[in-house]
Amino acid sequence: MIPSPSQSALDPAGTGADSIASLFWVMVVGGILIWLIVVGLAIYAILVPGRHDQKTTRLLVIGGGAVFPTIVLTALLTYGLAMLPELQRPAPEGSQVIEVAGVRWWWRVVYRLPNGTKVETANEIHLPVNEPVEFKLTSEDVIHAFWIPALGGKVDMMPGRENRLKLVPNRVGTYRGVCAEYCGEAHTQMAFDVIVESREDYDAWLSRLKKPVVQGSEAASEGRQIFEAAGCGACHAIRGTSADGVVGPELTHFGSRRSIGASVLPNNSDNLIRWIAETHQVKPGVEMPAFETLSPDELRALSLYLGDLK
Ligand code: CUA
């Protein structure tokens, strides 16, 4: 398993998650207080027998049964509703727009560049710290849900519809995003990595992402031939090569990603070999066929080629 990056909604590192965590704590503390009052009154009624006069009884029934809940529920509703405009306000002009599509069981990630062009990656999202970002979320098959618990709220991804999510990450770090809507066999293995970094690191990453791959080392070129011969390019794209498939995750800078298979395994050579040869043991239900016929040497060369794509 991947050494787990932060995935806690109670340790917020973004504006949306801040509001949700505050709301959660207000509800928990408020709920405990009300529980204590109700249980306290119940215990009082049991331990102190005797009749109360009619006036006290009426006061308790009207006050405790109607006035008190009305005040508490109105206060909570007002507090919750007051957060909505901030969460729903569109991201400011010039914010980074990132289109993410849920696909059984991985994430297509497309960065819209200021000049209007797009650049695609998969299963990993980089964000500049303290800058607003807007996600445009959709699905290519069934309903998924996009959720980075530490950064913001959860939003459904529906086929044929575009939902939006705005957030401002405010702490550098690596966070885990997950699919939060049951979508089939590999639902629990549909996660992604979110890397919040300084503006400089983000710019450096984005400019690397834009470039097609540079031809790998001599050793990797054997792996490239195997990649082509095995037909991997029918599903996967590697910009700068003949591989231009769109069915599976884009692999142009695969070697720089943290994980394999939508955050299922840490990205290293041994895991990649396992992924290619035993795909269905690693992630039951995955659409990619296992390439069991490749020899250990071929698998090693292939993993070298893919690991070299940085
Ligand atoms: Cu996608 Cu659950």
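Every number for a ligand or one of its atoms is a count from 1 in the order of the listing.
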Is atom 2 (Cu) of ligand 1 less than 2.8 Å from an N/O/S atom of H187, whether that atom is in the backbone or a side chain?
yes
Going by the angle between their ring planes, with limits at 30° and 60°, are Y182 and H187 parallel, tilted or perpendicular?
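Perpendicular, since the angle between the ring planes exceeds 60°.
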For F227 and Y305, take the angle between the two ring planes, folded into 0 to 90°, and tell me which bin it lands in: parallel under 30, tilted 30 to 60, perpendicular over 60.
perpendicular
Angle at atom 2 (Cu) of ligand 1: provide the value between SG of C183 and SG of C179, rounding to 10 degrees.
120°
Examine M157 and say whether one of its N/O/S atoms is closer to atom 1 (Cu) of ligand 1 than 2.8 Å.
no
Of all N, O or S atoms in H144, which has the smallest distance to atom 1 (Cu) of ligand 1?
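For H144, the N, O or S atom at the smallest distance from atom 1 (Cu) of ligand 1 is ND1.
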Ring pair (Phe, Tyr, Trp, His ring centres under 6.0 Å) evaluation trace for H126 with Y202:
CA-CA 7 Å; H126 287 241; Y202 174 76; 7.6 Å; no
Between S259 and D193, does any side-chain donor sit less than 3.5 Å from a side-chain acceptor?
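Yes - a donor-acceptor pair under 3.5 Å links their side chains.
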Could you tell me if S269 and R300 have a donor-acceptor pair between their side chains, going purely by distance under 3.5 Å?
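Per modelled atom types, R300 and S269 side chains form a pair under 3.5 Å.
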For atom 2 (Cu) of ligand 1, the closest N/O/S atom belonging to E181:
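Closest N, O or S atom of E181 to atom 2 (Cu) of ligand 1: O.
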